[in-house]
Colleague: 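Just passing along the structure, written as structure tokens.
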Amino acid sequence: MKKENIIALPKDAVKIAESMILDEYKEHFIGLYLSARNTLKKRELISLGTLNASLVHPRETFRPAIVSHAAGIIVLHNHPSGGAEPSESDVELTKRLQQAGKILGIDLIDHIVFCANGEFYSFKDKNAM
């Protein structure tokens, strides 16, 4: 097992997600799919949106987790306009994904909002989930 495949901290997840940004002016919603030991099994761009919105549904978010037999997921998205503070729709989406994960038996480990200046907001670290 390679150490760089272990996601122990939100900054580890952000580093991977930043490498997946295709267009710095669009919102990207990314899933990192993990084993029971927090090793990265799969990473996937779930949705590519606009400057301030991205269409995300639990179905598309959890499908790769089911296919890859992931024990948990971390979801991330960027805010191209700056500022990592989550919007109300980000908070609602986190709740929906948590509920879906509970039904499926796949843990939503964290939802992280990040921006180009290196700032990020971890729902888990802020006890917001």
Colleague: Is there a salt bridge (Lys or Arg N to Asp or Glu O under 4.0 Å) between E60 and R63 once you walk through the steps?
Modeller: CA-CA 5 Å; E60 284 78 24; R63 182 183 181 281; over 6 Å; no

Colleague: Could you verify whether a donor N or O on one side chain and an acceptor N or O on the other, from R96 and T61, lie under 3.5 Å apart?
Modeller: no

Colleague: Do you know the tightest heavy-atom contact between I46 and I30?
Modeller: CD1-C, 4.0 Å

Colleague: Taking atom NZ as the centre, does K124 end up with more than 12 heavy-atom neighbours from other residues, nucleotides or ligands that are less than 6.0 angstrom away?
Modeller: no

Colleague: Using a 4.5 Å cut-off on heavy atoms from C-beta on, say whether the side chain of L97 contacts that of F62.
Modeller: yes

Colleague: What about I106 and I103, same hydrophobic cluster or not, with Ile/Leu/Val/Met/Phe/Trp/Tyr joined at side-chain heavy-atom distances under 4.5 Å?
Modeller: no

Colleague: Do F29 and L76 share a hydrophobic cluster (ILVMFWY, side-chain heavy atoms under 4.5 Å, transitive)?
Modeller: no

Colleague: Quick check: closest heavy atoms across A71 and A36, and the distance to 0.1 Å?
Modeller: CB-N, 3.6 Å

Colleague: Below 4.5 Å, heavy atoms only, C-beta onward: do V113 and H77 meet side chain to side chain?
Modeller: yes

Colleague: Using 30° and 60° as the class limits, which term best fits the ring planes of F123 and H111: parallel, tilted or perpendicular?
Modeller: parallel

Colleague: Do the side chains of I112 and Y121 get nearer than 4.5 Å, heavy atoms only?
Modeller: no

Colleague: Using modelled atom types and a 3.5 Å cut-off, is there a donor and acceptor pairing between side-chain atoms of S47 and backbone atoms of L55?
Modeller: yes

Colleague: Quick one: closest heavy-atom pair of S122 and D110, and the distance?
Modeller: OG-OD2, 2.5 Å

Colleague: Between T39 and N5, do the side chains contain an N or O donor and an N or O acceptor separated by less than 3.5 Å?
Modeller: no

Colleague: Is there side-chain contact between D90 and H79, with heavy atoms separated by less than 4.5 Å?
Modeller: yes

Colleague: With clusters defined by side-chain heavy atoms of hydrophobic residues (ILVMFWY) lying less than 4.5 Å apart, directly or transitively, does I7 cluster with L45?
Modeller: yes

Colleague: Do Y33 and E44 come within less than 4.5 Å of each other through their side chains, counting heavy atoms only?
Modeller: yes

Colleague: One thing to verify: whether K15 and E18 come together as a salt bridge, which I'm taking to mean a side-chain N less than 4.0 angstrom from a carboxylate O.
Modeller: no

Colleague: Is any side-chain heavy atom of I6 less than 4.5 Å from a side-chain heavy atom of L40?
Modeller: no

Colleague: If I compare all heavy atoms of G82 with all of C115, which pair ends up nearest, and what's the gap?
Modeller: CA-CB, 4.2 Å

Colleague: Under 4.5 Å between side-chain heavy atoms, hopping through other hydrophobics if needed: is there a path connecting V75 to L104?
Modeller: yes

Colleague: Would you give the length of the straight line joining atom CD of E92 to atom OG of S87, rounded to the nearest 0.5 angstrom?
Modeller: 9.5 Å

Colleague: Would a 4.5 Å heavy-atom cut-off, applied to side chains only, mark I73 and L32 as touching?
Modeller: no

Colleague: Kindly give the heavy-atom pair with the smallest separation between E27 and P80, and that separation in Å.
Modeller: N-CG, 3.6 Å

Colleague: Is a donor on one side and an acceptor on the other found under 3.5 Å between the side chain of H28 and the backbone of G49?
Modeller: no

Colleague: Testing the basics here: between M129 and L108, what is the closest heavy-atom pair and its distance to 0.1 Å?
Modeller: CE-O, 3.2 Å

Colleague: Let me check something: do L9 and I74 share a hydrophobic cluster, defined by ILVMFWY side-chain heavy atoms less than 4.5 Å apart, either directly or through other members?
Modeller: no

